[in-house]
Number of protein chains: 2
Amino acid sequence: MKTSKSSVPGMTKSHSGVTKFSGMVLLCKVCGDVASGFHYGVHACEGCKGFFRRSIQQNIQYKKCLKNENCSIMRMNRNRCQQCRFKKCLSVGMSRDAVRFGRIPKREKQRMLIEMQSAMKTMMNSQFSSHLQNDTLIEHHEQTALPAQEQLRPKPQLEQENIKSSPSSSSDFAKEEVIGMVTRAHKDT
Amino acid sequence: MKTSKSSVPGMTKSHSGVTKFSGMVLLCKVCGDVASGFHYGVHACEGCKGFFRRSIQQNIQYKKCLKNENCSIMRMNRNRCQQCRFKKCLSVGMSRDAVRFGRIPKREKQRMLIEMQSAMKTMMNSQFSSHLQNDTLIEHHEQTALPAQEQLRPKPQLEQENIKSSPSSSSDFAKEEVIGMVTRAHKDT
DNA sequence: GAATTAGGTCACCAGGTCAG
DNA sequence: CTGACCTGGTGACCTAATTC
């Protein structure tokens with residue numbers, strides 16, 4: 001019947017191992033680097049993926065952080081503090097239980113696309129019309145823009161690719177992700 | 001134009017590939033995930049179906065289990081031990097000889113419905129009359145309090161079929177299954 | 001002819017590797 | 001130790017085949 005290979009428009013995976021969505025690069029939720037895919041339940045780069053794998057495989061106990069145990073983890077400095085990096089991995093939801101194998105379900109893609117668009121719109125609004133009053137969004141916005149001291153974000157969220165888990169919570173999650181991504185894509189331009 | 005579909009009331013198959021019965025989602029008998037149909041003689045999800053197919057096609061000898069060869073197989077961890085997963089497939093009755101092709105015979109549906117109802121009743125009983133002594137069921141009880149936001153997922157339901165096994169044990173089975181699924185839904189949330 | 005599944009496909013990922 | 005690459009799966013979808 002359906003000859004249409006019909007896939008959700010938007011999501012692609014370049015040959016270089018970079019995951020894109022509607023032409024925009026997805027970012028590692030741990031360090032902000034370019035994500036290579038959905039690893040252990042979150043979008044992550046090869047580095048953080050490998051780091052997390054090693055960490056859980058051999059139940060490594062990392063040396064205590066030399067600072068306040070809340071180092072910001074970014075691409076540039078992600079290797080400076082293992083303890084904090086691992087903590088960040090966990091806080092963004094990386095877990096062996098969250099792995100998702102196989103092809104991305106069409107409806108999940110669809111959902112991402114939608115959430116992405118709405119997030120995009122939201123961002124545009126807050127950016128152009130009233131970026132002085134909306135604290136929530138500015139919060140998010142900054143978080144990505146200047147990776148300042150964003151510590152453990154109170155979001156132990158874990159992406160439930162699961163068919164229909166609460167639509168609201170997952171959308172929050174995705175929104176956050178999208179915002180970061182969009183912001184960056186924006187800056188790059 | 002037979003308007004009288006007249007088949008057994010209840011069984012449907014959504015377009016998403018999820019098998020339902022009286023509005024309840026059927027679960028994979030191997031891992032508890034949502035079943036996509038009756039595969040190799042058992043209600044199974046796409047994952048376990050594919051896994052079993054591959055296993056028997058190329059007579060794969062899986063690596064020995066790293067634990068006690070009795071890993072519990074659930075959606076979250078089903079990929080961690082192939083040997084145990086395959087064993088579970090066999091133990092729940094998956095077999096190339098058990099395939100049922102084509103449309104579901106009416107009497108089979110009828111039978112399912114009946115077994116389902118009795119299983120349901122059993123469950124209800126143990127839930128209301130004596131849920132203080134039965135610790136396993138407490139889990140289940142909580143689930144009821146969960147937000148009912150959903151359309152076709154975290155839903156109490158069970159899975160039943162066993163073409164040629166003792167019909168009496170079927171309700172026990174269902175109960176167990178429900179518990180597992182509920183636990184999962186719980187974890188997911 | 002409609003319902004329903006075995007198998008094939010191939011988008012995607014966990015783990016292993018090994019230069020750097 | 002880190003992370004770019006490779007390999008061996010995994011499972012969402014699709015279609016041909018099969019039964020009612």
Side-chain angles (χ1 to χ4, degrees), chain A residues 1-8 11-19 28 31 33-58 60 62-63 75 78-80 82 85 94-109 161 163, chain B residues 1-2 5-8 11-19 28 31 33-58 60 62-63 75 77-80 82 85 94-96 98-109:
Chain A
M1 298 296 174
K2 307 175 162 181
T3 13
S4 60
K5 269 306 170 63
S6 74
S7 102
V8 178
M11 192 100 172
T12 57
K13 183 112 167 191
S14 76
H15 260 297
S16 51
V18 176
T19 311
C28 172
C31 72
D33 193 0
V34 175
S36 72
F38 191 72
H39 306 292
Y40 300 98
V42 310
H43 285 291
C45 63
E46 280 295 304
C48 292
K49 168 189 137 189
F51 174 76
F52 186 74
R53 185 188 58 231
R54 263 173 263 127
S55 300
I56 57 176
Q57 272 179 337
Q58 30 202 319
I60 302 182
Y62 290 119
K63 278 196 279 297
R75 190 171 80 93
R78 66 186 175 206
N79 287 316
R80 280 194 214 144
Q82 295 177 306
R85 187 183 191 180
M94 286 184 92
S95 157
R96 197 175 230 164
D97 295 335
V99 306
R100 183 203 57 208
F101 264 105
R103 180 181 298 220
I104 299 176
K106 232 188 267 182
R107 30 179 98 61
E108 190 177 332
K109 285 192 185 176
E161 18 60 359
I163 325 197
Chain B
M1 313 297 196
K2 310 149 171 211
K5 265 321 183 47
S6 83
S7 63
V8 178
M11 191 101 173
T12 59
K13 182 113 167 190
S14 76
H15 237 307
S16 52
V18 176
T19 310
C28 172
C31 73
D33 195 0
V34 176
S36 73
F38 192 71
H39 306 291
Y40 301 97
V42 162
H43 282 294
C45 64
E46 281 295 305
C48 291
K49 168 190 138 188
F51 174 77
F52 186 74
R53 174 172 30 104
R54 260 174 266 125
S55 299
I56 57 177
Q57 273 178 338
Q58 32 200 318
I60 301 182
Y62 289 118
K63 276 196 278 298
R75 188 180 74 98
N77 65 8
R78 67 187 175 205
N79 287 310
R80 289 191 210 157
Q82 296 176 306
R85 187 182 190 180
M94 287 184 94
S95 157
R96 198 173 234 160
V99 305
R100 163 170 60 53
F101 247 110
R103 180 180 285 231
I104 300 177
K106 223 193 277 185
R107 56 175 92 64
E108 192 175 329
K109 282 194 185 177

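Reckoned from all heavy atoms, side chains included, excluding hydrogens, waters and symmetry mates. A note on names: the letters A, B, ... follow the listed sequences, proteins ahead of strands, and every chain is numbered from 1.
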Euclidean distance, atom CZ of residue A:F38 to atom C1' of C:dA11 [Å, nearest integer]: 15 Å
Are any of A:Q82's side-chain N or O atoms less than 4.0 Å away from OP1 or OP2 of D:dT2? yes
Check this one for me: any side-chain N or O of B:N79 less than 4.0 Å away from OP1 or OP2 of C:dC13? no
When you look at B:V99 and B:M94, which way does the side-chain contact (heavy atoms from CB on, under 4.5 Å) test go after all the steps? CA-CA 9 Å; B:V99 305; B:M94 287 184 94; over 6 Å; no
Which residue in the set A:R75, A:H39, A:R78 passes side-chain contact (heavy atoms from CB on, under 4.5 Å) when paired with A:C45? A:R78
Less than 4.0 angstrom between a side-chain N/O of B:R80 and OP1 or OP2 of C:dG15, yes or no? no
Side-chain N,O (B:Y40) to OP1/OP2 (C:dG7) below 4.0 Å: yes
Interatomic distance, B:R78 CZ vs C:dC13 P [rounded to whole Å]: 15 Å
Value in whole Å for how far the P atom of D:dG9 lies from CG of B:N77: 19 Å
The reported gap from OH in B:Y40 to OG in B:S55 (rounded to nearest 0.5 angstrom) is 9.5 Å
Atom pairs under 3.5 Å, N or O on each side, protein against nucleotides 17-20 of chain C: can you list them with distances?
unit_1: C:dT17; atom_1: O4; unit_2: A:R53; atom_2: NH2; d: 3.4

Whole angstrom value for the distance that separates C1' of D:dC1 from CD1 of A:I60: 9 Å
Here the distance between atom P of D:dT10 and atom CD of B:Q58, to the nearest Å, is 10 Å
Looking only at heavy atoms, which two atoms of A:Q82 and A:Y62 are closest? And how far apart? OE1-CD2, 3.3 Å
Taking CZ from B:R96 and P from C:dA6, how many angstroms apart are they, rounded to a whole number? 11 Å
Just checking, A:R85 and A:F51: is the charged tip under 6.0 Å from the six-membered ring centre and within 45° of the axis? yes
Contact under 4.0 Å: A:K109 side-chain N or O vs C:dC12 OP1/OP2: yes
With distance as the sole criterion, do the side chain of A:E46 and the base of D:dC5 form a donor-acceptor contact below 3.5 Å? yes
Identify each atom pair where a protein N or O and an N or O of nucleotides 16-20 of chain D are less than 3.5 Å apart, giving names and distance.
unit_1: D:dT19; atom_1: O4'; unit_2: B:F101; atom_2: O; d: 3.4
unit_1: D:dT19; atom_1: O2; unit_2: B:R103; atom_2: N; d: 3.3

Which part of the nucleic acid does A:G47 contact within heavy-atom distance under 4.0 Å: base, sugar-phosphate only, or nothing? sugar-phosphate
Roughly how many Å is it from NE2 in A:H39 to C1' in C:dC12, rounded to a whole number? 9 Å
C:dG16 OP1/OP2 closer than 4.0 Å to side-chain N/O of A:Q57: yes
Among A:E46, A:H43, A:K49, which one satisfies side chain to side chain donor-acceptor pair (under 3.5 Å) with A:S36? A:E46
Ignoring hydrogens, what is the shortest heavy-atom contact between A:A44 and A:C28? Give both atom names and the distance. CA-SG, 3.7 Å
Specify the separation, in whole Å, of atom CZ of A:R75 and atom C1' of D:dT2. 14 Å
Return no unless some side-chain N or O of B:Y62 is found under 4.0 Å from OP1 or OP2 of D:dG8. no
